[in-house]
Amino acid sequence: MGQSPTKYRSLPASSFALDSLQQESSEEELYNADIETEDEFKTSLLPVEDIMLEGAKRKEEKCWTLTLQIMFPFLVAGLGMVAAGLVLDEVQHWTVFLEISEIFILVPALLGLKGNLEMTLASRLSTAANMNKMDHKKDAVALIVGNLALVQCQGIVVGFLSALTGVLMGWTTTGSIRSEHVLLLCASSVVTASIASFVLGLVMVAVIILSTRCKINPDNVATPIAASLGDLTTLALLAWISSVLWADLDADRWLAPLIISLYVLFIPVCGWVAYRCTETRPVLFTGWIPVLVAMLISSGGGLILDVAVAKFHGIAVFQPVMNGVGGNLVAVQASRMSTTLHLQSHGQGPGQLKEGEPVCVNPCAIVFSDSEHSRTACILLLLVLPGHVLFVYAISYLEAGHTAPSAYFLFFYLVAAWCQVAVLLYVCRVMVFGMWKFGVDPDNSAIPYLTALGDLLGGAFLGIAFQSLDWVGDQQFLAESDSSGGNLTEIHLSPKQ
């Protein structure tokens with residue numbers, strides 16, 4: 001009898017537990033009432049869980065793994081840029097380049113497409129892969145088709161605008177322009193931009209899918225591979241297509257207008273396909289300003305190169321390497337930063353930064369802090385010097401620089417290259433976090449600005465390096481004008497007919 005009160009006192013506790021379970025069960029039913037099927041319920045929860053797991057996985061990325069994943073694509077990209085410089089050094093003497101000098105104005109803008117389009121595509125798809133948006137075949141196909149259509153639409157428009165910019169700049173310098181040359185420039189630029197964007201887009205898709213299956217972070221390898229193939233593919237296509245159109249200019253005057261007309265009709269088709277994809281629909285309306293502004297910034301780098309070539313021979317072959325390495329490395333940092341911000345937001349998108357993450361930071365904090373991004377910046381800066389030494393001697397070995405590099409040249413060139421990357425990494429930190437805070441997705445906007453700024457800074461720092469050589473008395477690259485006003489580059493190489 002003495003134990004019965006204790007037994008009966010336990011009943012209210014059990015009753016309370018049952019009431020609590022019943023309340024939780026009713027809340028769960030109310031929650032599940034908003035979800036039609038069990039598959040939708042799983043789909044709605046899995047991304048957040050996967051994002052949290054993937055974010056933890058990113059924090060455990062080892063330093064040596066990160067270095068190896070960045071280093072090998074970086075070296076391949078650099079050799080691709082060396083090859084692009086050799087191609088430019090060769091094709092500049094082809095008949096079409098000699099007769100239509102405005103083609104040279106197209107080169108910086110078209111080479112910038114890899115930063116404006118392909119590297120931005122690689123960054124978007126890398127973020128999507130890290131957020132597990134490409135795990136299901138149906139979602140992956142829709143995302144890939146939408147992005148390829150978007151890149152086609154942007155590439156065709158940028159190709160047209162690049163050609164018109166070249167025509168305008170050529171008219172301001174010569175005071176005249178032929179209609180046949182205008183049509184050839186537009187057709188060559190548009191076909192080059194379209195084919196290069198499509199081929200490189202397919203390569204980016206394959207690289208990201210393979211790297212994901214091999215447990216390699218696509219942020220570390222996708223953008224360098226885009227850079228390695230972009231310059232060489234674009235230059236080779238531009239030279240070949242313009243030469244073919246030039247050879248048939250008199251016989252088939254209808255060919256260039258037909259090509260332009262077909263691509264004008266193709267623009268709305270690509271736009272419609274990109275609009276149907278929910279991931280690319282916002283970019284279709286908001287992604288034009290970065291692409292167009294980046295094209296104008298890259299043109300500024302082309303003007304600097306035009307002035308430098310008139311004074312220093314052999315500088316042109318180093319320009320794709322200087323510009324490409326800087327844009328390549330900063331694109332890796334921007335892609336990784338953007339992915340990290342997306343993971344931290346649990347898929348909610350830009351608009352708010354974590355506590356203690358200001359937009360503007362001390363420049364020293366780029367490398368001297370406990371942040372994961374500081375470790376990446378240190379690795380990128382350490383790759384600059386040995387990478388450029390390898391690329392310079394590769395150019396010298398192939399006798400494209402017209403002279404062997406001296407100790408003075410290596411010093412000023414490496415200082416210029418290191419300063420370019422250091423400035424770009426700081427601008428990258430401020431730009432990516434600033435865009436995120438103000439609600440702009442860095443995957444769509446940051447890389448075009450950064451690679452275009454890399455072109456501008458690369459041309460400026462390279463010009464300063466060659467000018468410094470002149471100041472210290474090393475005049476091996478100083479151009480000497482002949483009686484016809486040509487420079488030394490024209491004397492050293494015989495034009496290809």
Side-chain angles (χ1 to χ4, degrees), residues 80-81 83-118 148 151-170 177-203 226-267 269-270 291 295 298-299 302 316 320 495-497:
M81 295 164 197
L86 298 176
V87 171
L88 180 60
D89 192 62
E90 175 68 19
V91 302
Q92 66 176 327
H93 303 288
W94 287 14
T95 303
V96 62
F97 281 79
L98 296 175
E99 295 292 334
I100 308 177
S101 60
E102 290 82 6
I103 295 183
F104 286 104
I105 304 176
L106 295 179
V107 172
L110 291 179
L111 293 186
L113 283 178
K114 75 176 189 301
N116 297 343
L117 303 181
E118 279 77 29
L148 290 178
V151 168
Q152 274 294 300
C153 185
Q154 291 179 326
I156 295 171
V157 173
V158 172
F160 272 119
L161 294 179
S162 300
L164 294 178
T165 302
V167 170
L168 180 60
M169 295 182 66
I177 189 69
R178 294 176 57 185
S179 59
E180 298 86 2
H181 292 180
V182 174
L183 294 174
L184 187 144
L185 286 172
C186 289
S188 301
S189 179
V190 169
V191 175
T192 298
S194 175
I195 296 178
S197 298
F198 181 71
V199 172
L200 294 175
L202 291 178
V203 173
S228 67
L229 300 175
D231 288 348
L232 181 59
T233 304
T234 303
L235 271 175
L237 282 172
L238 178 62
W240 175 65
I241 293 169
S242 60
S243 297
V244 171
L245 292 176
W246 173 260
D248 294 336
L249 186 62
D250 294 329
D252 300 324
R253 292 181 178 270
W254 52 268
L255 183 57
L258 177 63
I259 292 174
I260 296 172
S261 301
L262 291 176
Y263 272 105
V264 169
L265 296 176
F266 192 51
I267 291 175
V269 176
C270 296
V291 171
M295 183 188 70
S298 296
S299 299
K496 178 177 179 178
Q497 300 298 330

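The residues of the chain are indexed from 1 along the displayed sequence.
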Item to check | Test log, rule side chain to side chain contact (heavy atoms under 4.5 Å, CB included), inputs Ile259 and Val191 | outcome: CA-CA 8 Å; Ile259 292 174; Val191 175; 3.4 Å; yes

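Rounding to the nearest 0.5 angstrom, the gap separating the CZ atom in Phe198 from the CG atom in Leu202 is 4.0 Å. Of the inter-residue distances, the one linking Ser261 atom OG with Trp254 atom CH2 reads 12.0 Å to the nearest 0.5 angstrom. Here the CD atom belonging to Gln154 is positioned 11.0 Å from the CD1 atom belonging to Ile156, to the nearest 0.5 angstrom. Here Ile195 contributes atom CD1 and Ile241 contributes atom CD1; the two are 4.5 Å apart, rounded to the nearest 0.5 Å. Rounding to the nearest 0.5 angstrom, the gap separating the CG atom in Leu183 from the CD1 atom in Ile260 is 5.0 Å. Taking OG of Ser242 as the reference point, atom CG of Leu184 lies at 6.5 Å (rounded to 0.5 Å).
The two atoms that bring Ala196 and Leu237 nearest to each other are N-CD1, 3.8 Å, heavy atoms only. Residue Leu232 comes nearest to Gly80 through the heavy atom pair CB-O, 4.1 Å, listed as atom of the first residue, atom of the second, then distance. Among all heavy-atom pairs drawn from Gly155 and Ser197, the shortest one is CA-OG, 4.3 Å. Between Ala239 and Ser243 the shortest heavy-atom distance is O-OG, 2.7 Å.
In this structure the side chain of Thr192 never reaches within 4.5 angstrom of the side chain of Trp240, judged on heavy atoms. Put simply, the side chain of Glu99 does not reach to within 4.5 Å of the side chain of Trp94, judged on heavy atoms. Proximity of Val157 to Ile267: side-chain heavy atoms (C-beta onward) are separated by under 4.5 Å at one or more points.
Side chain of Gln152 to main chain of Ser194: a donor-acceptor pair is present (N/O by atom type, distance under 3.5 Å, no hydrogens or angles). In this structure, Ser189 contributes its side chain and Leu185 its backbone to no donor-acceptor pair below 3.5 Å.
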